[in-house]
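Notes for the one structure printed next.
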Amino acid sequence: MCIFCKIANGEIPSNKVYETDKVLAFYDLEPQAPSHILIIPKQHIACAADIDRSNSAVMADIFEAASEIAKKLSIDSFRLVNNCGEKAGQSVMHLHFHMLSGRDFAWPPG
Ligand code: DGP
């Protein structure tokens, strides 16, 4: 079982921010911004390239989570980042979105 599946089922503890039956959000262990939250589906999906008709509803749940977290934590600007595949920087092969806030972010990202 992958590390984020273990976090989702409580086997590995995490600092939770938001939870529904479909998604979980918790603080990243290696923060890249003053606030760095990971939003994951509880269902194991390896990466964004594995989203299809059968599981795409979870993307709505993830974006709803981001919106709810922003309201709950009074975050007025944030960046949502998904790394899909090793060359894009994905190190944990369980779909996740980085929700980063609390500093300025460059665009284009480089
Ligand atoms: P990525 O490189 O896009 O696959 O991002 C994976 C992120 O997951 C990285 O920022 C560090 C974080 N991470 C890895 N293991 C753990 C863990 O056990 N707990 C928490 N909270 N974060 C983790």
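Each ligand, and each atom within it, is numbered from 1 in the order the structure gives.
- Closest approach of Cys47 and Gln90 over heavy atoms only: CB-OE1, 3.3 Å.
- The local environment of CG in Asp52 is crowded, with over 12 non-hydrogen atoms from other residues, nucleotides or ligands closer than 6.0 Å.
- Residues Met99 and Val17 are not in side-chain contact: their nearest non-hydrogen atoms beyond the backbone lie 4.5 Å or more apart.
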Report, one line per pair, each donor and acceptor closer than 3.5 Å where one atom sits in a side chain of residues 33-43; sequence neighbours left out.
residue	atom	partner	partner atom	Å
His36	ND1	Gln32	N	2.9
His36	NE2	Asp28	OD2	3.3
His36	NE2	His98	ND1	2.8
Lys42	NZ	Glu19	OE2	2.7
Lys42	NZ	Thr20	O	2.8

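- Side-chain contact between Glu11 and Ile3: absent, with no pair of heavy atoms (C-beta onward) separated by less than 4.5 Å.
- Phe4 and Phe26 have their aromatic ring centers within a separation under 6.0 angstrom.
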Output, or 'none' if empty, a list of ligand 1-protein atom pairs in which both atoms are N or O and the distance is under 3.5 Å, rounded to 0.1 Å.
residue	atom	partner	partner atom	Å
ligand 1	2 (O)	Gly89	O	2.8
ligand 1	2 (O)	Ser91	N	3.4
ligand 1	2 (O)	Ser91	OG	3.0
ligand 1	3 (O)	Asn83	ND2	2.8
ligand 1	3 (O)	His96	NE2	2.9
ligand 1	3 (O)	His98	NE2	2.8
ligand 1	4 (O)	Ser91	N	2.7
ligand 1	4 (O)	Ser91	OG	3.2
ligand 1	4 (O)	Val92	N	3.0
ligand 1	4 (O)	His96	NE2	3.0
ligand 1	5 (O)	His96	NE2	3.0
ligand 1	5 (O)	His98	NE2	3.3
ligand 1	10 (O)	Asp28	OD1	3.1
ligand 1	10 (O)	Asp28	OD2	2.6
ligand 1	21 (N)	Tyr27	O	2.9
ligand 1	22 (N)	Leu29	N	3.3

